[in-house]
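Inspection log for the structure reproduced underneath, given as structure tokens.
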Amino acid sequence: MLRLSQLFVRTLRDDPSDAEVPSHRLLVRAGYIRRAAPGGYTWLPLGWRVLRKVEDIVRQEMDAMGAQEVHFPALLPRDVYEATGRWTEYGDNLFRLKDRKGADFLLGPTHEEMFTLLVKDMYSSYKDLPVSLYQIQTKYRDEARPRAGLLRGREFLMKDSYSFDIDDDALAVSYAQHRDAYERIFARLQLPYVIVKAMSGAMGGSMSEEFLAPIEVGEDTFVRCSACDYSANTEAVTTSVPTADSNTYDASSTIATPNCPTIATLVDFLNENHPRTDRPWQASDTLKNVVLRLRQPDGSTETLVIGVPGDREVDMKRIEAQLSPAEVEPLDDAGFAQHRTLIRGYIGPQILGSTSDSGIRYLVDPSVVHGSAWVTGANTKDTHVIHLVHGRDFTADGTIEAVEVAAGDPCPNCAAPLEIARGIEIGHVFQLGRKYADKLGLTVLDHNGKQVVVTMGSYGIGVSRAVASIAEVFHDDIGLKWPRAIAPADVHVVVTGKNGDDITIAGEKIAAELEAQGLEVLIDDRNGVSPGVKFKDAELIGIPTILVVGKSLAEGNVELRDRHAGTNEAIPVADAVTRVVALARSGQ
RNA sequence: CGGGGUGUGGCGCAGUUGGUAGCGCGCCUGGUUUGGGACCAGGAGGCCGGGAGUUCAAGUCUCCCCUCCCCGACCA
């Protein structure tokens with residue numbers, strides 16, 4: 001039995017000043033966690049119980065799908081990460097340290113290499129596959145900006161698992177099993193989620209999905225369709241190809257546009273000096289050409305220009321994801337100096353394209369459809385071109401999804417408007433493919449006795465982040481409201497009497513009976529603490545069922561409070577144990 | 001890494017023109033209280049983020065560094 005008179009906890013009356021998001025505020029205030037280091041938290045008894053319950057649910061479902069638990073050290077040698085290039089690739093986010101002999105070590109940010117080598121060490125036949133292994137481990141990442149308490153720390157608890165298969169079909173099966181297990185885990189945690197398509201990006205895999213808890217304070221932006229079930233991470237959105245523009249336009253003409261350095265000033269100038277007959281000019285009539293530099297992993301660079309409608313922002317993440325593994329950056333002054341034909345602010349596609357004199361590759365966003373007419377730069381200072389038609393007056397080398405996805409954009413599935421929402425990434429499933437197995441030499445003999453490279457999947461759940469996410473979903477102004485499955489106890493018995501009086505005796509008796517029934521009981525047996533304080537603390541701590549043994553005992557009643565529903569029901573003392581046990585076992 | 005804010009007992013905060021630190025909560029002792037964060041009396045607890053400087057004198061002024069929070073960049 002957890003006795004509040006003994007429990008190592010101190011609830012705070014005021015919000016801690018450094019906590020902004022509700023989960024952080026309430027977990028500290030209710031005595032679940034305490035900040036111990038930048039990006040690091042101490043788990044107090046109540047919090048540790050919740051964390052272990054989340055862990056247990058994850059463990060049960062992973063075991064049920066056939067994965068086997070192992071445990072690696074967090075302290076890892078450099079050479080393993082050197083083999084895959086991640087010692088350098090991971091950059092500043094990696095915690096590095098040296099041992100007394102000066103040898104390099106790191107604190108594991110994720111364990112692909114270790115799992116791959118472990119399987120290589122032990123297995124060598126297709127008969128050993130498939131196999132899925134997992135661990136629940138403390139991970140270390142030297143985040144540039146830890147924030148929001150448990151939501152982004154530098155040390156956090158993660159379940160990571162890895163599947164090993166003989167071929168892509170088998171990988172698809174392992175992937176589906178993990179995905180199903182994740183759905184069961186989040187359902188048991190009562191954590192709402194959407195599964196969004198994610199970019200496989202530099203990891204080189206083929207299929208990747210994120211589980212996002214749709215919560216405003218989340219750091220991930222995703223889109224979802226207002227009509228169908230489509231959802232995707234913003235950088236992974238693919239737009240449907242718009243139909244070509246079949247209108248006929250006037251011949252293009254070059255016009256002087258003094259003092260029009262921005263799109264807004266250009267549009268104003270056009271409306272004043274070259275008004276359209278049908279409607280005013282708009283930013284969406286202009287074609288904005290952004291100059292980028294691509295840097296390939298081998299160090300070579302290329303200048304690239306991307307055309308997007310002038311009313312849209314360029315999304316560098318989306319572009320980078322499609323050009324991976326090349327890195328993308330805006331062209332700097334030195335770069336412009338090398339391309340004298342590119343006049344900043346007046347760049348037009350007339351001189352661009354790999355077959356043009358400049359030889360500069362030119363891509364357009366799909367919204368710049370064939371046959372559409374644009375206002376754009378004339379490649380001379382203070383001069384623009386109007387009625388420049390795609391396909392007639394200029395050509396592109398191809399298309400690239402380049403504009404920042406905005407609310408109201410059409411859904412690629414059904415064309416209904418998309419919504420933009422924020423979420424917390426609580427899980428990620430990923431078909432890694434052969435990247436790690438290749439680099440680390442993980443092969444097995446197939447049934448023909450031939451060496452084949454194993455294909456892998458990697459799957460993660462942020463366990464400590466899940467605790468915070470649940471707190472984000474289940475709280476109100478006065479405290480936490482845990483789902484029953486992970487509450488630190490089944491019932492919180494509030495006893496409002498003084499030591500030795502009838503109320504205290506009755507409360508202790510009920511608590512003991514509840515415990516005898518197998519329930520986890522937290523009893524507020526503090527002497528000399530006023531009922532108001534006990535009620536406030538019970539609401540703050542957030543155990544879903546609160547049983548008050550107090551003044552209504554005189555009428556033979558106790559009070560059964562539901563923290564979620566906010567209800568308070570007087571029930572006969574004799575029924576108390578049965579009722580509470582039934583509630584606890586209902587799972588609701 | 002850029003921009004903004006911040007740092008004073010465990011928590012929340014005040015501290016004037018520079019003059020040797022205070023309030024509320026919490027904690028301890030005694031007493032009175034006990035259904036919505038009680039009351040009275042008496043206590044304990046502070047390298048004022050760190051360093052350097054100006055000054056007879058620095059929480060307060062100057063410079064450098066650091067922390068935490070927010071926004072951005074970054075984030076398998």
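Every chain is numbered from 1, with letters handed out A, B, ... down the list of sequences.
- Nucleotides B/G36 and B/G30, compared at atom P, are 27 Å apart to the nearest Å.
- Considering only side-chain atoms of A/K536, the nucleotide from B/C27, B/G24, B/G37 that sits closest is B/G37.
- Between B/G9 and B/C48, the two C1' atoms lie 10 Å apart (nearest whole Å).
- Taking only distance into account, the side chain of A/E559 meets the base of B/G35 through a donor-acceptor pair shorter than 3.5 Å.
- Comparing A/V21 and A/K551 against RNA chain B, the residue whose closest nucleotide sits nearer the 5' end is A/K551.
- Residue A/E539 is classed as a base contact, given a heavy-atom separation below 4.0 Å to a base.
- Side-chain atoms of A/S208 and A/H428 include a donor-acceptor pair closer than 3.5 Å.
- Between A/R35 and B/C68 there is a side-chain polar atom (N or O) within less than 4.0 angstrom of OP1 or OP2.
- A/R34 comes within contact range of the sugar-phosphate backbone alone, with a heavy-atom separation under 4.0 Å but no base atom that close.
- Annotation: the span from A/R78 atom CZ to A/L94 atom CG amounts to 10.0 Å, rounded to 0.5 Å.
- Nearest heavy atom pair, residue A/H564 against residue A/W482, reads NE2-O, 2.7 Å.
- The P atoms of B/C61 and B/G26 are separated by 33 Å, rounded to the nearest whole Å.
- The CG atom of A/D502 sits 16 Å away from the P atom of B/U34 (whole-angstrom rounding).
- Across all strands shown, B/G19 forms a Watson-Crick or G-U wobble pair, both distances under 3.5 Å, with B/C56.
- On the P atoms, B/G42 is 29 Å away from B/U8, given to the nearest whole Å.
- Side-chain contact, A/Y459 with A/Q177: no donor N or O sits under 3.5 Å from an acceptor N or O.
- Comparing B/C68, B/G35, B/C11 by their closest approach to the side chain of A/L12 singles out B/C11.
- Summarising the geometry, the separation between CZ on A/R29 and C1' on B/C25 is reported as 12 Å, rounded to the nearest angstrom.
- Salt bridge annotation for A/R3-A/E508: present, with a cationic side-chain nitrogen under 4.0 angstrom from a carboxylate oxygen.
- In this structure, A/R434 pairs ionically with A/D168, as a charged nitrogen and a carboxylate oxygen lie closer than 4.0 Å.
- By the rule that a glycosidic angle within 90° of 0 means syn, B/C69 does not qualify and counts as anti.
- A side-chain donor-acceptor contact under 3.5 Å links A/T110 and A/E112.
- A donor-acceptor contact under 3.5 Å links the side chain of A/R152 to the base of B/C75.
- The phosphate of B/A38 has OP1 or OP2 within less than 4.0 Å of a side-chain N or O from A/S530.
- Searching all strands for a Watson-Crick or G-U wobble partner of B/G2 with both distances below 3.5 Å returns B/C71.
- The separation of B/C66 from B/U6, taken at their C1' atoms, amounts to 13 Å, rounded to a whole angstrom.
- Comparing B/G36, B/U34, B/C69 by their nearest atom to the side chain of A/E20 picks out B/C69.
- As judged by a 4.0 angstrom heavy-atom cut-off over every strand, A/D537 is placed among the base-contacting residues.
- Toward the 5' end of RNA chain B, the nearer of the two residues A/V533 and A/R10, judged by each one's closest nucleotide, is A/R10.
- A close approach under 4.0 Å does not occur between any side-chain nitrogen or oxygen of A/S17 and OP1 or OP2 of B/G7.
- If you take atom P in B/U62 and the same atom in B/G19, they sit 15 Å apart, rounded to whole Å.
- Rounded to whole angstrom, the span from the CG atom of A/L4 across to the P atom of B/G26 amounts to 15 Å.
- Remark: B/G26 base-pairs with no nucleotide in the shown strands. Criterion, Watson-Crick or G-U wobble with two distances under 3.5 Å.
- Pairing of B/A38, defined by two Watson-Crick or G-U wobble distances under 3.5 Å, is identified with B/U32.
- A donor-acceptor contact under 3.5 Å links the side chain of A/R561 to the base of B/G36.
- When distances are taken from the side chain of A/F535 to each of B/C68, B/G24, B/G35, the shortest belongs to B/G35.
- Comparing the same atom, C1', in B/U54 and in B/U60 gives a spacing of 13 Å after rounding to whole Å.
- Spacing between B/G49 and B/U67 at atom P, rounded to whole Å, works out to 15 Å.
- A/E555 has its CD atom 13 Å from the P atom of B/G35, to the nearest Å.
- Computed from coordinates, the A/N557 CG to B/G35 C1' distance equals 15 Å when rounded to whole Å.
- The distance from atom CG of A/D501 to atom P of B/G35 is 12 Å, rounded to the nearest whole Å.
- Note: A/Y41 and A/H24 have perpendicular aromatic rings, judged against thresholds of 30 and 60 degrees for the angle between ring planes.
- As rounded to whole Å, 10 Å separates atom C1' of B/U34 from atom CG of A/N527.
- Counting to the nearest Å, the C1' atom of B/G31 and the NZ atom of A/K498 are 13 Å from each other.
- Nucleic acid contact class of A/K534 (heavy atoms, under 4.0 Å, all strands): none.
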